[in-house]
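Notes to accompany the following structure.
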Amino acid sequence: MTAAAAAPNPILDELREKIAHLQGAAPRKRSVLPFGIGNIDAQLPGGGLAYGALHEVAGGGNGAIDGAAAALFVGGIAARTTGKVVWCLTRFDLFFPAFAQIGLHPDRVIFVEGDKEETVLASFEEALRYGGLGAVIAELVRLPMPVSRRLQLAAEKSGTLGLVIRRWRRQTEAAGFGSPTAAATRWRISVLPSEPLPVPGIGRARWLAELIRVRAGQGSEFIIGACDGQGRIRLSSDVADRQDQASRSIASR
């Protein structure tokens, strides 16, 4: 390091102090992002998705269809935060009008496209450490435990909400989703038949949201309606679905 690079910079030092002050106050005031659904928030420590933590989301077994639902689930979470959202990926194949419909508008999102997964990981970690963002999202195939620990520490330091979408080109790559990581929660989203509406041929999109792992909590399953225009989900209004949900347990798998 050169002497010039090592020299103190009063402006940067003052900025760091201000950021540190803001980051120190914000988590105490709002340490979680609730879904606003009692049944779901009750399963999450603190009553919502923890800020300053890493959260994993993957699609179910129906390939690209469930993968798209997982991306929309994450997009809905990001839409309910405040501030800019950084989205790191290797393939820009998102259909962004769909995200605009759930409240995540293009002017809020900064896309960082990398040529390989290592570049995406580096960008993801850097954005997590930066702080002051609504959420940071990364699309990853692999998430080894040492890497996830480093990302979790970066999120903890800045208080940022870190969201990982596990995407696979081949189904064999999905096997790694069962391996332990440092993520605070792990979700799997699958598309269900639409909820019937009074209008013939039209239904309301529904998903099966499986909370596979939650730190200091117990997993569960929820049948939910897809995100609305503000990124909010809701429990299915169908009584039979609620009864089926109550009878299922992640522990029985």
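Computed from a predicted model, the values in this text were never measured in an experiment.
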### Query
Going through the distances and angles, do Ile189 and Leu208 end up as a side chain to side chain contact (heavy atoms under 4.5 Å, CB included)?
CA-CA 6 Å; Ile189 308 298; Leu208 172 63; over 6 Å; no
### Message
Walk me through whether Leu140 and Val120 qualify under side chain to side chain contact (heavy atoms under 4.5 Å, CB included).
### Response
CA-CA 8 Å; Leu140 300 172; Val120 170; 3.8 Å; yes
### Task
Decide yes or no on side chain to side chain contact (heavy atoms under 4.5 Å, CB included) for Cys88 and Phe124, but give the supporting numbers first.
CA-CA 6 Å; Cys88 308; Phe124 185 42; 4.3 Å; yes
### Task
Would you please test Phe111 and Leu94 for side chain to side chain contact (heavy atoms under 4.5 Å, CB included) and show each step?
CA-CA 11 Å; Phe111 288 104; Leu94 300 172; 3.7 Å; yes
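A donor-acceptor pair is defined here as one N or O able to donate and one able to accept, closer than 3.5 Å; such a pair exists between the side chain of Gln152 and the backbone of Leu54. Side-chain N or O atoms of Arg108 include one that pairs as donor or acceptor with a backbone N or O of Gly83 at under 3.5 Å. With hydrogens and angles disregarded, no donor-acceptor distance shorter than 3.5 Å links the side chain of Arg166 to the backbone of Ala58. In this structure a side-chain-to-backbone donor-acceptor pair under 3.5 Å is missing from Arg188 to Leu211. Remark: side-chain polar atoms of Ser148 are paired, donor with acceptor, to backbone N or O of Ala182 under 3.5 angstrom. Formation of a donor-acceptor pair under 3.5 Å by the Asp41 side chain with backbone atoms of Pro34 is not found in this model. Judged by distance alone, with hydrogens and angles left aside, the side-chain atoms of Gln43 form no donor-acceptor pair with the main-chain N or O of Ser220 at under 3.5 Å. Looking only at distances, a side-chain donor or acceptor of Ser158 sits under 3.5 Å from a matching main-chain atom of Leu128.
The distance from the CD1 atom of Ile233 to the CZ atom of Arg80 is 7.0 Å, given to the nearest 0.5 Å. Within the model, atoms CD1 of Ile224 and CD1 of Ile37 stand 7.0 Å from one another, a figure rounded to the nearest 0.5 Å. To the nearest 0.5 Å, the span separating SG on Cys227 from CZ on Arg234 amounts to 11.0 Å.
With contacts defined as side-chain heavy-atom distances shorter than 4.5 Å, the pair Val57/Leu163 does not qualify. Looking at Val85 and Leu133, their side chains never come closer than 4.5 Å, going by heavy atoms from C-beta outward. Contact check for Arg204 versus Ser194: no side-chain heavy atoms found under the 4.5 Å cut-off. The shortest side-chain heavy-atom distance between Leu143 and Phe177 does not fall under the 4.5 Å cut-off. At least one side-chain heavy atom of Thr185 sits less than 4.5 Å from a side-chain heavy atom of Leu44. Between Leu121 and Leu151 the shortest side-chain heavy-atom distance falls below 4.5 Å. Contact of the Glu195 side chain with the Ser236 side chain is registered, since non-hydrogen atoms from C-beta on lie closer than 4.5 Å. Residues Val136 and Leu161 have side chains not in contact (no heavy-atom distance under 4.5 Å, counting atoms from C-beta outward).
The two residues Ala127 and Val86 come nearest to each other via the heavy atoms CB-CG1, 4.0 Å. Closest of all the heavy-atom pairs between Ile137 and Ala78 is CD1-CB, 4.0 Å. Listed here is the closest heavy atom pair of Ile102 and Gly76: CD1-N, 3.5 Å. Residues Ser123 and Val112 come closest through the heavy atom pair OG-CG1, 3.5 Å. Nearest heavy-atom pair, Ser190 versus Gly60, reported as atom, atom and distance to 0.1 Å: OG-CA, 3.4 Å. The minimum heavy-atom distance linking Ala79 with Gly231 is given by the pair CB-CA, 4.3 Å.
Residues satisfying the ring-ring contact (aromatic ring centres under 6.0 Å, His included) criterion with Phe95, sequence neighbours excluded, are absent altogether.
For Trp87 and Phe99, the distance between ring centers is under 6.0 angstrom.
We find that Arg149 and Glu156 are not joined by a salt bridge, their nearest charged nitrogen and carboxylate oxygen being 4.0 Å or further apart.
Counted within 6.0 Å of CD1 on Ile65, heavy atoms from surrounding residues, nucleotides or ligands total 12 or fewer; the atom is thus considered open. The 12-atom threshold is exceeded at CD of Gln230, counting heavy atoms of other residues, nucleotides or ligands nearer than 6.0 Å.
There is a path of hydrophobic side-chain contacts, each under 4.5 Å, that joins Leu235 to Leu33. Side-chain heavy atoms closer than 4.5 Å link hydrophobic residues (I, L, V, M, F, W, Y) into clusters, and following such links, even through other members, never connects Met145 to Ile212. Leu153 and Leu49 end up in different hydrophobic clusters when Ile, Leu, Val, Met, Phe, Trp and Tyr side chains are linked at under 4.5 Å.
Counting only residues at least two apart or on different chains, the ring-ring contact (aromatic ring centres under 6.0 Å, His included) pairs with a member in residues 185-217 are Phe35-Trp187, Phe73-Trp187. The list of side-chain hydrogen bond (donor to acceptor under 3.5 Å, both in side chains) pairs with a residue in residues 88-101, not counting sequence neighbours, reads Asp93-Arg167.
No side-chain donor-acceptor contact under 3.5 Å links Ser179 and Arg142. At a cut-off of 3.5 Å, with distance as the only test, a side-chain donor of Thr181 or Glu56 sits close to an acceptor on the other residue.
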